[in-house]
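These notes are about the structure you will find just below.
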Amino acid sequence: MEKIRFPAGFTWGAGSAAYQVEGSPAADGAGPSSWHTFTHRRGTVKDGTTGDVACDSYQRYREDAALVRRLGLGAYRFSVGWARIFPEKGRVNSRGLDFYRRLVDALLEEGIQPWLTICHFDEPMWLAREGGFARREAADHLVELGSVLFRALGDRVHRWITVNEPTIHAVSGYFTGEFPPGRKFALKSLFHCLHHLLLAHARLCQSWASFGGRGSIGLAHHSVWMTPADARSDRDVAAARFMDSVANRTVLDTLFRGAYPDEVLARVGCFLPRGFASDLPEMKSPGTYLGINYYTRIRYRWSPFVPISRAAEVRPPGVPRSAMWEISPEGMAASLRRLREGYGNPTCVITENGFPLPDSLGRDPRDDPDRIAYLTDHIAEVGRAIAEGSDCRGYFHWSLMDNFEWNLGLSMRFGLLRTDFATQERSWKKSALWFRRLVEQNWLDSNRGVAGRAGSESG
Ligand code: GAL
């Protein structure tokens, strides 16, 4: 048995996002949101579902807060529905804000630390109609939302996440079209959106400081480990390096160095907003910690057929995969090593990590050994990174319960708790019991992961 210990005071939590769990999209004077509008358009969500009800957490938030406590977790990550607080441009809806006051109070009553994400993918429709984050004004609007939240909740909320995954927000909205506004190959809008989200993050940090700066604030970066299909091929190495620059270093270099990577400027710099360079000194604003959302690795080979990046994804046979992605705990280690070695070892928190399992008939959906194995291997890497000097202060499982998984709908399940979407009953999966034990003991037996299980089978 390899016992991996976590530091005293390490934060263990679970996460969610407003549109994925709340339901009640029009309650208490909320305005329409980009995700609500998008999911009601035909063909946008794989299984045809919407977030109209989702986990009904808008009604059941007390029950959910109690479940977080029963899991033994010290923290809960959630986001606010922007359109609940600003149903129209410039008008604050106090009833919408009251919901988050009640949620925060319920968490605090259960002894749970609230971690509030200000922008997790969804935008009010009035903003989306104006062009969303493809336009610079959106950054000002997000800062306006931030200042309402800092003022209303800053006495009780001391952990802030400004923006969730700026790269995914931009790429899925303007390149793959899987997220609203559903545009494809719109490179100019993609890079404008990314730049404005990063600018908004920096300004949210300033605004938080001007409200007294209690606690900590950071951005949640989607860290993907980009590797060459063949490490001996210079072209594959170059293809993976370019994808890494776009997916990871655009965020890390602007936050920590106030610069876009040279390769990004050389190949796609023409898509950035005019005058972007004058924003960079302000954008060098990492906050007090970096959030890392880590799930997977992507392998690339060089291809003359892919415009600009010359990078084509490959999925070699025999490589372990979940229902969505390659399984690669080494990428968790690589993400943390890079922060240590390349960016001055900033304080960080794993703000997301988890395993998707669609429901399949004939299997008890609460029996999820694959999730336990995935978590064991990934959390072990977090523990090893800490032993090697990473300043990682916490780990949030994605997610607390099965919820509305964006364009994949209700069928892709990530929860520790199983949600029965017909009855709204929440039940405990085996992974929930396993996670509760991990949190209770604050150490992990790494041999229970995939590697260890394979080893014991062959041995
Ligand atoms: C992240 C996102 C979460 C969740 C997760 C699982 O990109 O922030 O909201 O959906 O992926 O796919």
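Heavy atoms only: backbone and side chains are in, while hydrogens, waters and symmetry mates are out. Start at 1 and go down the list; that is how both ligands and their atoms are numbered. As the structure is a prediction and not an experimental result, all values here were calculated from the model.
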Atom 11 (O) of ligand 1 sits nearest the protein heavy atom Glu352 OE1, 3.6 Å
With no hydrogens and no angle check, just 3.5 Å: does a side-chain donor-acceptor pair link Thr347 and Asp391?
yes
Check whether any heavy atom of His120 sits under 4.0 Å from an atom of ligand 1.
yes
Asn164 N/O to ligand 1 N/O under 3.5 Å
yes
Would you call Tyr295 and His378 a side-chain contact if the rule is heavy atoms closer than 4.5 Å?
no
Under a 4.0 Å heavy-atom limit, does Trp325 contact ligand 1 with its side chain, its backbone, both, or neither?
side chain
Residue portion contacting ligand 1 (non-hydrogen atoms closer than 4.0 Å) for Gln20:
side chain
For Trp406, the atoms of ligand 1 under 4.0 Å from one of its heavy atoms are 3 (C), 4 (C), 9 (O), 10 (O)
Please list, in number order, the atoms of ligand 1 under 4.0 Å from a heavy atom of Glu165.
1 (C), 2 (C), 7 (O), 8 (O)
Can you tell me if Asp64 and Tyr76 form a side-chain donor-acceptor pair at under 3.5 Å?
no
Over 12 foreign heavy atoms within 6.0 Å of CZ, Arg102
yes
Would Phe271 and Leu190 count as a side-chain contact (heavy atoms from CB on, under 4.5 Å) if you check the C-alpha gap in whole Å, the side-chain angles of each, and the deciding distance to 0.1 Å?
CA-CA 8 Å; Phe271 300 117; Leu190 183 171; over 6 Å; no
Residue, atom and distance of the protein heavy atom nearest atom 5 (C) of ligand 1 read Tyr295 OH, 3.3 Å
Under 4.0 Å from a heavy atom of Glu405: which atoms of ligand 1 are those, numbered in the order shown and with their elements?
4 (C), 6 (C), 10 (O), 12 (O)
If you take the centroid of each ring, where Trp contributes its six-membered ring, are Tyr61 and Phe99 closer together than 6.0 Å?
yes
Report, in ascending order of atom number, the atoms of ligand 1 lying under 4.0 Å from any heavy atom of Phe414.
6 (C), 12 (O)
Measure the shortest side-chain to side-chain distance between Ile379 and Trp12 over non-hydrogen atoms and say whether it is less than 4.5 angstrom.
yes
